[in-house]
Amino acid sequence: MKAIVTVMLKTGVLDPQGKAIGHALGTLGFSGIGEVRAGKVIEIELAETDAAKAQAAAEEMSRKLLANTVIESFKVEIA
Amino acid sequence: MKAIVTVMLKTGVLDPQGKAIGHALGTLGFSGIGEVRAGKVIEIELAETDAAKAQAAAEEMSRKLLANTVIESFKVEIA
Amino acid sequence: MAFRAGIVLFPGTNRERDIAIALAAANGGREPVIIWHKDTTLPPLDLVVLPGGFSHGDYLRCGAMAAQSPVMRAVRDFASAGGHVLGVCNGFQILTEAGLLPGALLRNAGLRFLAQDHHIRVESTDTIYSRGYVQGQSIRVILAHGDGNYAADEETLDRLEGEGRVVFRYSRRDGTVAPDANPNGSARAIAGICSENRRVLGLMPHPEDAVEALIGGEDGKPMFAGLAEALAA
Amino acid sequence: MSSRPIDADLARSFGLNAEEYARVLTIMGRTPSLTELGIFSVMWSEHCSYKSSRVWLKELPTKAAWVVHGPGENAGVVDIGDNLTAIFKMESHNHPSFIEPYQGAATGVGGILRDVFTMGARPIANLNALRFGRPENPRTKRVVDGVVRGIGGYGNCVGVPTVGGEVNFHAAYDGNPLVNAMTVGIAPRDRIFLSAAAGQGNPVVYVGSKTGRDGIHGATMASAEFAADSEEKRPTVQVGDPFTEKLLIEACLELMATDAIIAIQDMGAAGLTSSAVEMAGKGGVGISLDLDAVPQRETAMTAYEMMLSESQERMLMVLDPAREGVARAIFEKWDLDFAVIGRITDTGHIVVSHKGQIEADIPLQPLADEAPLYRRPFILPVAPAVLDHAAIESPVSLKDALLTLIACPDLCSRAWIWNQYDAAVGGQTVKRPGAADAAIVRIEGSRRALALTTDCTPRYCQADPRTGGAQAVAEAWRNITATGARPLAVTDNMNFGNPEKPEIMGQFAAAIQGMAAACTALDFPVVSGNVSLYNETEGRGILPTPAIGGLGVIEDAARARGIALTPGLDLVVVGEDGGWLGQSLWLREIAGREEGAPPPVDLVRERRHGDFVRHQIAAGDVAACHDVSDGGLLIAVAEMALAGDTGVALLDQPDAVTAHGFWFGEDQARYVVALADGTPLLSAAHTAGISARLIGRSGGRDLTLPGGVSISLATLREAHGRFFAEWMA
Ligand SMILES: Nc1ncnc2c1ncn2[C@@H]1O[C@H](COP(=O)(O)OP(=O)(O)O)[C@@H](O)[C@H]1O
Ligand SMILES: [Mg+2]
């Protein structure tokens, strides 16, 4: 199976990268741009075949390594 | 609307970050880890209300700025 | 005769003084003009320099936002009219992002910022930037980058090699190229390449920080001396 | 919003005790509003008011002919000649760096940079003094990695070279690492900017990043009812944006070249509150703020949140109204927020309004004058007994001791760290990390250079804080001297445990006394500093760590000396023969004992030896010089050999001392000086009544110990480089 982990800064935490991207999009002439947030996505091939177990494993990986839960939140999808 | 742009290195382009994450997961005791790829996700709030137009705009943003198509591929979702 | 150099200042550029000092020293004390990233035209120039730094904070991808700035349109026109453009470090990243040089610069293979002296071998002396050196010479320069891992598809790499456009390669002190002397994982140990017409050059190391015996050594000096000689002629 | 009553209970959760809250009530003559209580609590916090440390800090000497501004301004200012000043300060970001090492360290660098450029200086160098827990502790690695990346991430991006620092490891820092960051800047003597506001009606201008709910103090975190949304517990961690900081530096310096600024202050701890209160308070004026005008990143922020937010990369200024347009144009050019958020008044009050309501109205004078000040009970530590050094036997050979010591975490190569720091940007770094006892950074356009160092030996301070305090100052002075530069002044960062414990307060008092004595004896005044208390976890304090940042000047950068040996030099030790093993690294790492009294600091001797060495360097014959500190003489020699990639053949040690005592004793006031012919120096020392001894000669590819045992440079280098490489692999 494949776990897709998306890691974003928690709401309220300054996202300088998102801010800079939003600004650059404006400069490029795109209009109607609101808030931009930038995050990470990590795709992990897993030998696990049980979706629930894969989900649990990926969540543990996220808590332990992939996300810095002091400032980031994460989301796991299994595909 | 919100556009969610996921940018990944193209297959074939070496992904040292993904490799390092895979290695670290192994060290942490996770087993059955196959290939790991690391990418970026950019969430953009758009004033646009038409999904097709939002999709087109986000694709243009991706081609112009968000992805470097020499090495990266991208995917746009509208939410 | 002095030559006319211009340095483009992007928000976040931080090695503009270093390169200005190196250029002025090679150019009879003449200070380069500073060009603002929002400018849409360039003054008459013999050389445009995109200096090192963290343009736009290196956010998203190094050089990506700077490559889209208004001034880059003018720089592209300048280059296609045969102008000389030098991109150092972040400047090299901007040149690849702008499509003025092929390939891309990825995160260093070790995933850490590298700030240390390293040797590079001069592979081609057929540019104004490298004519001051001897082919095969190894020079000591400083690296200061997090994203210097040069990548391009095999076809592009072969073409660059075939056309003699690999100008600098990471090497040991004695000039041998080896995996243990490749600090950032660059394809074929590439440290610097030039355009087809040999007038646009991008390189990751900082020759501008090696123009004085007291500070960083003098191995960068021939670059500036050489281009002064070529451009002032 | 909360309906929790404002009372002594709430005040306590904000960190104000009953007596302090009673004082608030007297000043206000009524129950304060939530915002007012917040303002009192941060202004009277240990961090802003120095309530436990102020009585002691007064004992430090702060004056000299070359001191332009001592403590009390954003940073210290000293005259360095050529009509220029050096502006510098050190500051801690300990707790944030434990919670989130990368951002904690990064924002620490950002904060100290602002303290310096707010005074009109262009930052030209950063240093960092770091203390971490035991490497065996699994958490330490993550902290080290994050802190180093954070310091590099911020400093490299803003383009200020990181040129030096220090690192120690000790179990006492397991739950409480120390991250002390120092910035040095340069400003023309007649263009120094201060924070005292003036001019009724003048605009109060906010520039930089927008305000969010970053880092609002822990009290509010704990009481969820104050958060507008409780869905997600907000982190107190601030995220740094070095890109914005870089723009802020450039925009501020551009504005400072005009005559628009009347007063300027960075928004550091306690953000808008402390900057507004301090500017108005120092100027003896009043200030009114309209929070509706504050650039905001988040929605529905309350007055309380905006006043206490610690969002980074923001500055507050009072402008000449006639130049407001000029100023606005500069900030717009750099794409930074610029907003007039208030006026200077003559009321002597800070008045904060938001959405048509007065949220705070506090008289400034009592807020400052009646801030609590404690002379906390203290117990001066008892100095440990001096060990009988001659009776200590070595369990291993000199060679094995050397190879163990040079590989230990406290003495191994720090290259893994400094190779992640851009030390060269700016093109003026004459001596990078590892090249000399102090970093040498030239002033652009001049031959003059600054010599910069940070020093402290916490294990000495733990054993005897008075000696440790003096030693830290002496070592900084010595490190500057060893380059040939003239030491000018000091910034300090006092890192201690809980001051409410008399033993900790005693450590603090004793360290200050030692520092004061050394600063006075060495003409090395303290011009700025920072105090970080309550560095404890689970009741266990850190080692007392008064980190010293030293600054010196040398007229000609080309005359600065490093530690690297070249072949064909005599090595001469200036100083006594040594043998002091108490609290030495040899004792800890080889004999497994952390014991005894630390080496005494004889300030008269320190000065005499240092002045002698500096004079010898100025005379021009000295090729390399290194002070003797951690690890003793043999470590100093080995470091010189490695730095120059040149071997050394050592002579026999004197009979009066044991071999390990001679080679690893940590006696103070000593230097290894290398020069082609040591004879004239030896006789000059003799004439001056200074002990000096020839200990060897450089050349070859080996370090040859007395008795003929050789260690190849390659072996030595492998041992020196092993620790970080293996640990971080
Ligand atoms: N955290 C650090 N950042 C940058 N340089 C450092 C750091 N720690 C140590 N260094 C450098 O390593 C060298 C050796 O440090 P140290 O052993 O503390 O020197 P000394 O004992 O002579 O004061 C110095 O050049 C110092 O500036
Ligand atoms: Mg030291």
Side-chain angles (χ1 to χ4, degrees), chain A residues 1-11 15-50 53-54 56-68 72-79, chain B residues 1-11 15-50 53-54 56-68 72-79:
Chain A
M1 318 208 77
K2 191 192 227 175
I4 302 173
V5 180
T6 308
V7 180
M8 302 293 289
L9 285 166
K10 289 183 179 169
T11 9
D15 177 5
Q17 175 150 250
K19 198 177 96 182
I21 295 171
H23 182 81
L25 288 173
T27 315
L28 277 176
F30 291 100
S31 59
I33 307 275
E35 203 191 0
V36 177
R37 307 278 293 170
K40 286 178 286 205
V41 53
I42 300 125
E43 300 187 357
I44 308 164
E45 293 286 354
L46 294 172
E48 184 58 65
T49 52
D50 176 310
K53 282 189 189 156
E59 285 183 5
E60 205 194 329
M61 292 174 202
S62 304
R63 268 188 303 270
K64 279 206 173 153
L65 181 75
L66 308 177
N68 172 357
E72 293 171 331
S73 59
F74 64 87
K75 196 182 74 190
V76 172
E77 275 172 277
I78 301 295
Chain B
M1 317 209 78
K2 193 190 226 173
I4 302 173
V5 179
T6 308
V7 180
M8 301 295 289
L9 286 169
K10 286 184 179 164
T11 21
D15 175 10
Q17 201 173 351
K19 222 173 80 183
I21 294 172
H23 178 79
L25 287 173
T27 314
L28 279 175
F30 292 99
S31 60
I33 308 276
E35 202 192 0
V36 178
R37 306 280 294 169
K40 282 177 278 211
V41 52
I42 299 131
E43 299 187 359
I44 308 165
E45 294 285 353
L46 294 172
E48 183 59 64
T49 52
D50 177 308
K53 284 190 187 154
E59 285 182 7
E60 203 194 331
M61 292 174 202
S62 302
R63 268 189 304 272
K64 275 206 172 157
L65 181 72
L66 305 179
N68 176 349
E72 295 171 327
S73 60
F74 65 88
K75 193 183 76 191
V76 173
E77 275 171 277
I78 300 295

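Order of the sequence lines fixes the chain letters, A, B, ..., with proteins taken first and strands second; residue numbering starts at 1 for each chain.
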Quick one: closest heavy-atom pair of B:L66 and B:E72, and the distance?
O-OE1, 4.2 Å
Nearest heavy-atom neighbours spanning B:F30 and A:A57
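Nearest pair, atom of B:F30 first, then A:A57: CE2-O, 4.0 Å.
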If you count heavy-atom pairs under 4.5 Å with chain A, which of B:E60, B:K2, B:E48 comes out on top?
B:E60
For B:K10, does the NZ atom have more than 12 heavy-atom neighbours from other residues, nucleotides or ligands under 6.0 Å away?
yes
Winner by heavy-atom pair count (cut-off under 4.5 Å) against chain B, out of A:V7, A:I33, A:T6
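Top count of heavy-atom pairs under 4.5 Å with chain B: A:I33.
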Separation of [Y] [atom2] from [X] [atom1] (nearest 0.5 Å):
X: B:D15; Y: B:M8; atom1: CG; atom2: CE; value: 7.0 Å
X: B:N68; Y: B:S73; atom1: CG; atom2: OG; value: 11.5 Å
X: A:E59; Y: A:I78; atom1: CD; atom2: CD1; value: 8.5 Å

Could you name the residues of residues 34-46 of chain A that have a heavy atom within less than 4.5 Å of a heavy atom in chain B?
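If one takes a 4.5 Å heavy-atom cut-off, the residues of residues 34-46 of chain A near chain B are A:G34, A:E35, A:V36, A:R37, A:A38, A:G39, A:K40, A:V41, A:I42, A:E43, A:I44, A:E45, A:L46.
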What residues form a side chain to side chain donor-acceptor pair (under 3.5 Å) with A:K75, not counting sequence neighbours?
none
